[in-house]
K.L.:
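Next up is a structure, given as structure tokens.
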Amino acid sequence: MEDMAFVYDSRNNLQMRGLVVLLISKAAGPSKAADDTLQHDMVSGIYASQRNLAEITELIHTAFLVHRGIVNITELKSCDGPLKDMQFGNKMAILSGDFLLANACTGLAQLQNTKVVELVSSAIGDLVQGIYYENSYLPEKNAFTDDIGITNWMEHIFLSHGALLAKGCQAAMELAKHDTEVQSMAFQYGKHMSLSYKLNSDLQPFLNGKHSGTSFGLNCAPVVLHQEFVGREAWMEEVKQAHLKGNLIDLAKLQEAIKAGKGVTAAIDLCRYHGNKALENLQCFPPSKARSALENIVYAVTRFP
């Protein structure tokens, strides 16, 4: 339950990525190819460079969260507040996010490992591309009813939510000089754990409990899967029936239609599938408290009432 409280909170973005990088570093331990000089740099089974990488991973994630706070000035209404305040807030979001990214890049260079620099840099590029895809699905006109398909959804979600953690885990193995097979296992764990975490988050509004009845995005996993099951034409009819005055949507009505279909069950199955794939990739590491913690993180987001 402690793992669940740390990993999942619908209102807060918790610092999970750095923790996972540290845990997988400790679970893997030193490699046979590691130099004796590296052993002196290890504290509690984790190299100093791996600790720095965990901080860098969290810095990059935080920087992008700050940048996502930028407001589109052209869409503001008078009830949203003074324009000058919004403009000032945008400037602060840009500068703060850039400052965090600059610090992350400086720390990345200090690791003095070109492969790690390449991995983390590509993750930053993936984040940018993933956020671009997310923004292209924002509810402008009827864009929110785009039939993106679950395959495309998974690809886009990996870019925006999984690439940083997956490549961070792989980079941690590279810093400890583990072979490509171990690096691949670490990457796959980060990828599948991130996807199961995102699927769990998307499912919360559709599950019976304290999150039931809350708002949800019309491009979240249960909705995308629901569209695939009922077909484009039937989905458009459901959206039409849920339309209110002023181009608004009755989300509660649409939510009931989705819960009555197969999309929610399919999303739960998909969440468990990726959770199981994440657990499979941990088997290359010896049993330890760190590996158990990584397993418990997966269990926390793949257990449903």
Side-chain angles (χ1 to χ4, degrees), residues 7 13-29 31 46-65 67-68 97 100-134 153-199 274-275 277-282 284-285 290-291 294 297-298 301:
V7 173
N13 289 290
L14 301 178
Q15 297 175 342
M16 181 186 67
R17 288 154 187 81
L19 170 69
V20 172
V21 171
L22 289 174
L23 285 173
I24 206 163
S25 298
K26 188 172 179 64
S31 71
I46 304 172
Y47 294 117
S49 59
Q50 292 174 319
R51 294 179 188 275
N52 292 337
L53 176 65
E55 292 177 7
I56 289 165
T57 304
E58 204 57 59
L59 266 178
I60 293 169
H61 174 64
T62 305
F64 275 87
L65 285 181
H67 277 161
R68 287 189 185 203
L100 292 173
L101 275 177
N103 276 278
C105 291
T106 301
L108 194 58
Q110 290 172 348
L111 293 177
Q112 297 182 345
N113 186 308
T114 53
K115 184 175 180 180
V116 171
V117 171
E118 182 182 351
L119 278 169
V120 179
S121 298
S122 66
I124 294 174
D126 291 338
L127 269 168
V128 173
Q129 189 175 355
I131 293 170
Y132 169 79
Y133 285 134
E134 280 187 8
W153 183 91
M154 296 291 289
E155 291 175 359
H156 299 167
I157 290 302
F158 169 71
L159 292 174
S160 60
H161 289 80
L164 179 61
L165 181 58
K167 293 182 178 180
C169 289
Q170 182 181 351
M173 300 301 98
E174 166 63 25
L175 288 171
K177 299 187 182 300
H178 284 287
D179 59 33
T180 54
E181 183 180 357
V182 174
Q183 289 185 33
S184 176
M185 293 287 190
F187 174 91
Q188 292 299 326
Y189 171 81
K191 173 185 175 181
H192 290 291
M193 196 278 284
S194 297
L195 291 173
S196 63
Y197 175 77
K198 173 60 176 169
L199 284 158
H274 285 289
K277 295 294 287 184
L279 293 173
E280 285 175 17
N281 284 285
L282 287 177
C284 67
F285 303 127
R291 195 182 91 169
L294 290 169
I297 288 173
V298 175
V301 295

K.L.:
Might you point out which heavy atoms bring Ile46 and Ser25 nearest each other, and give the distance in Å?
P.N.:
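What the structure gives for the nearest pair is CG2-CB, 4.2 Å.
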K.L.:
Which heavy atom in Gly107 sits nearest to a heavy atom in Ile56, and how many Å separate them?
P.N.:
C-CD1, 3.4 Å
K.L.:
Which residue pairs pass the ring pair (Phe, Tyr, Trp, His ring centres under 6.0 Å) test when at least one of the two sits in residues 175-195, sequence neighbours left out?
P.N.:
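Of all non-adjacent pairs touching residues 175-195, those that pass ring pair (Phe, Tyr, Trp, His ring centres under 6.0 Å) are His192-His274.
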K.L.:
For residues Ala176 and Gly29, report the shortest heavy-atom separation together with the two atoms involved.
P.N.:
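Looking at all heavy atoms of both residues, the shortest contact is CB-O, 4.3 Å.
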K.L.:
Judged by atom type as modelled, is there a donor-acceptor pair below 3.5 Å linking the side chain of Ser31 to the main-chain atoms of Lys177?
P.N.:
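Confirmed, Ser31 side chain pairs with Lys177 backbone.
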K.L.:
Can you tell me how far the CG atom of Leu279 sits from the CE atom of Met193, to the nearest 0.5 Å?
P.N.:
10.5 Å
K.L.:
Less than 4.5 Å apart, side chain to side chain, heavy atoms only: is that true for Glu55 and Leu59?
P.N.:
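A side-chain contact is absent here, since even the closest heavy-atom pair is not under 4.5 Å.
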K.L.:
Got a second to check how far Glu174's CD is from Asn113's CG, nearest 0.5 Å?
P.N.:
4.5 Å
K.L.:
Search all heavy atoms of Val182 against all heavy atoms of Asp179 and return the closest pair with its distance.
P.N.:
N-OD1, 2.9 Å
K.L.:
Enter the distance from Lys277:NZ to Leu282:CG here, rounded to the nearest 0.5 Å.
P.N.:
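Taking NZ in Lys277 and CG in Leu282, the distance rounds to 12.5 Å.
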K.L.:
If you look at every heavy atom in Ser196 and Val301, which pair is closest and at what distance?
P.N.:
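For Ser196 versus Val301, the nearest heavy atoms are OG-CG2, 3.8 Å.
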K.L.:
Output yes when a side-chain donor or acceptor of Arg291 lies under 3.5 Å from a complementary backbone atom of Phe285, and no otherwise.
P.N.:
yes
K.L.:
So, using side chain to side chain donor-acceptor pair (under 3.5 Å) as the criterion, who are the partners of Ser122 when residues are at least two apart?
P.N.:
Lys167
K.L.:
For the atom pair CE (Met185) and OG1 (Thr180), what is the distance rounded to the nearest 0.5 Å?
P.N.:
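Spacing of CE (Met185) from OG1 (Thr180) equals 10.5 Å.
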K.L.:
With no hydrogens and no angle check, is any side-chain donor or acceptor of Gln50 less than 3.5 Å from a backbone partner on Ala172?
P.N.:
yes
K.L.:
Counting C-beta onward and ignoring hydrogens, is there a side-chain heavy-atom pair between His67 and Ile131 closer than 4.5 Å?
P.N.:
no
K.L.:
Can you name the nearest heavy-atom pair linking Leu53 to Gly168, along with the distance?
P.N.:
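The pair with the smallest heavy-atom distance is CD2-O, 3.4 Å.
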K.L.:
Quick one: does Ile297's side chain get under 4.5 Å of Leu23's, heavy atoms only?
P.N.:
yes
K.L.:
Is there a side chain to side chain contact (heavy atoms under 4.5 Å, CB included) between Asn103 and Thr106? Walk through the geometry before answering.
P.N.:
CA-CA 5 Å; Asn103 276 278; Thr106 301; 5.6 Å; no
K.L.:
Hey, what do you get for CG (Leu199) to NE2 (His161), rounding to the nearest 0.5 Å?
P.N.:
10.5 Å
K.L.:
Do any N or O atoms from the side chain of Gln188 and from the backbone of Asn281 form a donor-acceptor pair under 3.5 angstrom?
P.N.:
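A pair under 3.5 Å: no.
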K.L.:
May I ask you to test the Leu100-Phe64 pair for a side-chain heavy-atom distance under 4.5 Å?
P.N.:
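The answer is no; the side chains never approach within 4.5 Å.
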K.L.:
Please name all residues satisfying side chain to side chain donor-acceptor pair (under 3.5 Å) with Gln129, sequence neighbours left out, ordered by chain then number.
P.N.:
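With sequence neighbours excluded, Gln129 shows a side chain to side chain donor-acceptor pair (under 3.5 Å) to Tyr133, given in chain and number order.
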K.L.:
Under a 4.5 Å cut-off applied to non-hydrogen side-chain atoms, are Leu108 and Val116 in contact?
P.N.:
yes
K.L.:
If I take atom CD1 from residue Ile60 and atom CG from residue Leu65, how far apart are they, to the nearest 0.5 angstrom?
P.N.:
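Reported value, rounded in 0.5 Å steps: 12.0 Å.
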K.L.:
Contact between Thr57 and Leu164 at the side-chain level, heavy atoms closer than 4.5 Å - yes or no?
P.N.:
yes
